[in-house]
**Q** 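Dropping the structure in here first, questions after.
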Amino acid sequence: MLQEKQIVIGVCGGIAAYKVCDLVRMLKKAGAQCFCMMTSSAQEFITPLTLSTLTGQKTVCGMFEQNKDWEVEHISWAKRADVLVLVPATANVIGKINAGIADDFVTTTVMATKAPVLIAPAMNTNMFENPITQRNIAQLSELGYHFTMPDEGFLACGDTGRGRLAETERIFEDIVRLCTPQDLAGKSVLVTAGPTREAVDPVRFLTNHSTGKMGYAIARAAARRGAEVTLVSGPVSLPAPYGVRVEQVESACQMRDAVIQSAPKMDLIIKSAAVADFRPAHVADQKLKKNQLPEIQLEKNPDILQELGQMKLSAVLVGFAMETEDLEQRAKEKMERKGLHMIVANNLKVEGAGFGTDTNVVTVFSKDGSVKRFPKLEKTALADEILTMAKEWIVR
Ligand code: PMT
């Protein structure tokens, strides 16, 4: 996702400097090239050698280091950056940037870059809450600098409060967003994911094998592309994607209520949840005894997607079809019957497709008759393909 991106990281002098190592690891795993520069105080906490070893690049610490290429190095670093990130950013460096001071390699490079600058502050609570720091942050935000604000918690100085460096995952996500075209900015997207659980008695339920991987990948990708995302999720064990509003539900009826309530505000609705078609007609008050084989009468659950199709919404509707035979015919029939713009069909009998896997193999049918067959793809990559196709319907 960060293939060919160049991330320049300015490390400042704070105890959280060691957390840069983990950030570099995550960025490299995502395909980015990382270049570190350090203030002189940063070198009191972590060595340039550590960062050079992790990045595989020279770490620059001073303005006047010998440079074999005779480039004006802070300018070349400023130009190379797709994103420049300051982590941890101290009150001192934030203040200098806001005052227009450029007196070392880090602040000079910040001043010279036209790339988006992301600042992740970390400091003692009183320093963070100091009106001078708050004013500097507000003014820099107004000038277009981006912030990953600190967390609350126990600080290295012994105090408890706001000022702890944000979780590395949060800083990573903000970098990814700054590298991602915001083509869904201003759009509201609703995604459903996971299975539903239909109670039989207080301890048992009917469900299916959905893990939520497909739906969570779509929700995360939409948020990274700038959309305001609501994820209505059945019970799964995945962490909530960063920046996504998650509504947890259990049963198909609860999922229906959550979806129908939010639907009128949406530009795009993608229903990748595996909703149970049936539920027990009666839920036993007490645990059913194992010595008397119970007869479980089933009744139909509401078809959420069909109801959405009948609501005459302005939203683009995308359904999924999970089939084991006659994929094309059944998927097209579902698209028509449920009034959809697109349907994403996966055949559970194909290796690498469907439940639980990190990959999926799908064919996407659109109501204009077009058909797109995808090879086996990671669900994360497929999520972007589906969103790109759905976006075309939003702008039509
Ligand atoms: O979660 P993973 O482990 O990653 O697995 C992904 C997946 C296999 C669950 C996903 O790719 C998928 O195929 N989801 C749809 C599963 C499904 O319920 O298919 P269906 O053909 O039964 O339903 C068709 C469509 O109607 C779906 O969009 C479904 O959400 C919707 N539906 C179904 C029944 C119902 N009562 N209400 C609905 O809205």
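Atoms within each ligand, like the ligands themselves, are counted from 1 in listed order. Excluded from the calculations below are hydrogen atoms, water molecules and symmetry mates; all remaining heavy atoms, backbone and side chain alike, are included.
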**Q** Using heavy-atom distances only, which candidate in Met322, Lys213, Lys300 approaches atom 17 (C) of ligand 1 most closely?
**A** Met322
**Q** Of the non-hydrogen atoms in Gly243 and Ala223, which two are nearest, and what is the gap between them?
**A** O-CB, 4.5 Å
**Q** Show the atoms of ligand 1 that are less than 4.0 angstrom away from any heavy atom in Asp277.
**A** 34 (C), 36 (N)
**Q** Between the side chains of Lys334 and Glu336, is the shortest nitrogen-to-carboxylate-oxygen separation below 4.0 Å, so that they form an ion pair?
**A** no
**Q** Polar contacts were defined as any N/O atom of the residue lying under 3.5 Å from an N/O atom of the ligand; does this apply to Gly194 and ligand 1?
**A** no
**Q** Give a yes/no on ligand 1: does Arg330 have at least one heavy atom closer than 4.0 angstrom to it?
**A** no
**Q** Any idea which heavy atoms bring Asp82 and Pro116 closest together, and the distance?
**A** O-CD, 3.2 Å
**Q** In plain terms, say whether Arg256 and Asp303 are close enough for a salt bridge, that is, a side-chain N and a carboxylate O under 4.0 Å apart.
**A** no
**Q** Before signing off on this row, confirm whether His209 and ligand 1 have an N or O atom pair separated by under 3.5 Å.
**A** no
**Q** How far apart are the closest heavy atoms of Leu231 and Pro241, and which atoms are they?
**A** CD2-CD, 4.0 Å
**Q** Short list, please: which atoms of ligand 1 are under 4.0 Å from a heavy atom of Gly356?
**A** 2 (P), 3 (O)
**Q** Consider only side-chain heavy atoms of I, L, V, M, F, W and Y, link residues closer than 4.5 Å, and tell whether Ile119 and Leu143 are in one cluster.
**A** yes
**Q** Write out the residue and atom name of the closest protein heavy atom to atom 37 (N) of ligand 1, then the distance separating them to 0.1 Å.
**A** Ile304 N, 3.1 Å
**Q** For atom 29 (C) of ligand 1, what is the nearest protein heavy atom, given as residue, atom name and distance?
**A** Ala273 O, 3.5 Å
**Q** Closer than 4.0 Å to some heavy atom of Ala321 - which atoms of ligand 1 meet that?
**A** 21 (O)
**Q** Go through ligand 1 atom by atom and flag the ones less than 4.0 Å from a non-hydrogen atom of Asn360.
**A** 11 (O)
**Q** Tell me which part of Gln306 gets within contact of ligand 1: side chain, backbone, both or neither, using heavy atoms under 4.0 Å.
**A** neither
**Q** Can you see which heavy atom on Phe278 is nearest to which on Asn301, and at what distance?
**A** O-ND2, 3.5 Å
**Q** For atom 2 (P) of ligand 1, what's the nearest protein heavy-atom neighbour? Residue, atom name and distance, please.
**A** Thr211 OG1, 3.4 Å
**Q** Show me which atoms of ligand 1 lie under 4.0 Å from any heavy atom of Asp303.
**A** 35 (C), 36 (N), 37 (N), 38 (C), 39 (O)
**Q** One thing to verify: whether Glu129 and Arg162 come together as a salt bridge, which I'm taking to mean a side-chain N less than 4.0 angstrom from a carboxylate O.
**A** no
**Q** Got the closest protein heavy atom to atom 32 (N) of ligand 1, with its distance?
**A** Lys338 NZ, 3.9 Å
**Q** Considering only protein heavy atoms, which is closest to atom 25 (C) of ligand 1, and at what distance to one decimal place?
**A** Phe320 O, 2.9 Å
**Q** Please verify whether a non-hydrogen atom of Lys379 lies at under 4.0 Å from ligand 1.
**A** yes
**Q** List the closest protein heavy-atom neighbour of atom 22 (O) of ligand 1: residue, atom name, distance to the nearest 0.1 Å.
**A** Lys334 NZ, 4.2 Å
**Q** Any atoms of ligand 1 less than 4.0 Å from a non-hydrogen atom of Gly212? List them with their elements.
**A** 1 (O), 2 (P), 3 (O)
**Q** Considering the heavy atoms of Met214, write down every atom of ligand 1 situated less than 4.0 Å from one of them.
**A** 4 (O), 6 (C), 11 (O)
**Q** Taking all heavy atoms of Thr39 and all of Gly13, pick out the closest pair and write down the distance.
**A** OG1-N, 3.6 Å
**Q** Would Gly319 count as being in polar contact with ligand 1, using the rule that some N or O on each side must be under 3.5 angstrom apart?
**A** no
**Q** Can you report which non-hydrogen protein atom sits closest to atom 13 (O) of ligand 1, along with the distance?
**A** Asn346 ND2, 2.9 Å
**Q** For Asp183, is there an ion pair with Lys391 - N to carboxylate O distance below 4.0 angstrom?
**A** yes
**Q** Is the shortest side-chain N to carboxylate O distance from Lys19 to Glu167 below 4.0 Å?
**A** no
**Q** At a non-hydrogen distance cut-off of under 4.0 Å, which region of Ser210 contacts ligand 1 (side chain, backbone, both, or neither)?
**A** both
**Q** Please identify which atoms of ligand 1 are closer than 4.0 Å to at least one heavy atom of Ser272.
**A** 9 (C), 10 (C), 12 (C), 14 (N), 15 (C)
**Q** Whether Asp358 and Lys213 form a salt bridge (side-chain N of Lys/Arg under 4.0 Å from carboxylate O of Asp/Glu) is what I want to check.
**A** yes
**Q** Are Lys287 and Asp201 within salt-bridge range, i.e. N to O under 4.0 Å?
**A** no
**Q** Could you say whether the N/O atoms of Lys271 and ligand 1 ever approach to under 3.5 Å?
**A** yes
**Q** So does Gly369 get a backbone contact from the side chain of Ser366, meaning a donor-acceptor N/O pair under 3.5 Å?
**A** no
**Q** With the threshold set at 4.0 Å, does a side-chain nitrogen-carboxylate oxygen contact exist between Glu351 and Lys376?
**A** yes
**Q** Is there a nitrogen or oxygen of Thr192 sitting under 3.5 Å from a nitrogen or oxygen of ligand 1?
**A** no
**Q** Any atom of ligand 1 sitting under 4.0 Å from a heavy atom of Pro302?
**A** yes
